[in-house]
Amino acid sequence: MSIQQTSTGKFIDGEEIIAIELTNSKGTYVEIFNYGAIINRFVVKNIKGEMQDIVLGFDDIEGYFDEKYLENNPHIGSVIGRYANRIKGGKFSIEGVDYQLEKNTGTDSLHGGIVGFDKKVWDIVELGEENQSFVTLEYESVDGEEGFPGSLIVDLTFELTDNDELILTYEAETDKATAINLTHHGYFNLSPNGGNVGKHKQQIFATNYLEQDDNYCVTGKLLPVKGTALDFTESKKLSKDWNPEEGYDQTFVLDKTYGDLSLASKTFEDESGLTLSVYTTEPVAHLYTSKYLKAKNGKDGRDYGAYDAFCIETQHHPNAINIPEFPTTVLQPEDLYTQTTIFKVSLTK
């Protein structure tokens, strides 16, 4: 197992952007930027014995600063904070105080606002030693940043195991009651040749999903997946029941005990023989098949478009800050926010 740090040569406000490469004994490796805590590469061996990168991204850091890319801002491979998904009207109240956020998706707030955690340079605070392949990144979000209350310190640890598990462990503390709902927005494609993910076979361990309004914002209503296109209780091709002009952009409430680390999702691709299993302590998983993805000159000059990837975003219920019946997304100064999500890759013959 090994860890390697390489300068990208790029600085933002005097802070250097570093590429950290974690490698295990099998040769699997993950490249992470301390900018946006971006997972830029996740390279594993497929059933043919070929090394295959299973995440979308760019050949170098400059791709994430391209003007055309930023216009669409699909958050490729990055951490999302302070608040994943949508907050209705971009507003909420905590302890009788009203807060208004930037409305950056129609009338709502999305993925932490205009300059969220995905556009910040994180500090590298710890690296694994012998036989430990991990890095811990830290970011301090100041009181009032993007409209959120309280100074929030977030630690995010990426650990690569010899079982081809990429473990993401989050911890956060605040000095004032605040809203928090973190996730990671990796864009996965398990096909050796990339392209449309419709043939990927998907299973989600959830018998209910969350109703959304016309702007994809959660309303608070829980609905059964049975008899709908959202039933992934048994593995099926993503394209089997989807609307080919919409794909999926939906939150599933996992069948689990709140807070336990359990299996949320499995995705399998025939040609590569790769299965991606997602485990999480979080109560929901959001499936997104990248309808709005537009990115030019990705890895090897490839352009990325709609349905070229899938995302499994583990988190608390979207818009929960405005829905008291949902598990709370308010973090108090005396409490510690914690979350663990595992992306495990395996071969299925």
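Treat the numbers as computed from the prediction; the structure is a model and nothing was measured.
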Applying side-chain contact (heavy atoms from CB on, under 4.5 Å) to K199 and not counting sequence neighbours gives none
side-chain hydrogen bond (donor to acceptor under 3.5 Å, both in side chains) filter on D162, not counting sequence neighbours, yields S25
### Message
For D249, is there an ion pair with K291 - N to carboxylate O distance below 4.0 angstrom?
### Response
no
Taken in chain and number order and not counting sequence neighbours, the residues that satisfy salt bridge (Lys or Arg N to Asp or Glu O under 4.0 Å) with D231 are none
For E31, the salt bridge (Lys or Arg N to Asp or Glu O under 4.0 Å) test, sequence neighbours excluded, returns R41
Residue set satisfying side-chain contact (heavy atoms from CB on, under 4.5 Å) with T340, at least two apart, ordered chain then number -> I167, T169, L261, T281, I342
Hits for side-chain contact (heavy atoms from CB on, under 4.5 Å) against D66, two or more places apart or cross-chain, chain-then-number order -> K68, Y69
Residues at least two apart in sequence or cross-chain that pass salt bridge (Lys or Arg N to Asp or Glu O under 4.0 Å) with K237, listed by chain then number, are none
Contacts satisfying salt bridge (charged side-chain N to carboxylate O under 4.0 Å, His left out) that involve residues 140-160 (not counting sequence neighbours) are K120-E145
Residue pairs meeting salt bridge (charged side-chain N to carboxylate O under 4.0 Å, His left out), one or both in residues 97-107, sequence neighbours left out, come to none
side-chain hydrogen bond (donor to acceptor under 3.5 Å, both in side chains) filter on E245, not counting sequence neighbours, yields none
Note: with side-chain heavy atoms under 4.5 Å as the link, the other cluster members for Y29 come out as V43, M51
Those residues at least two apart in sequence (or on a different chain) that pass salt bridge (Lys or Arg N to Asp or Glu O under 4.0 Å) with E171 are none
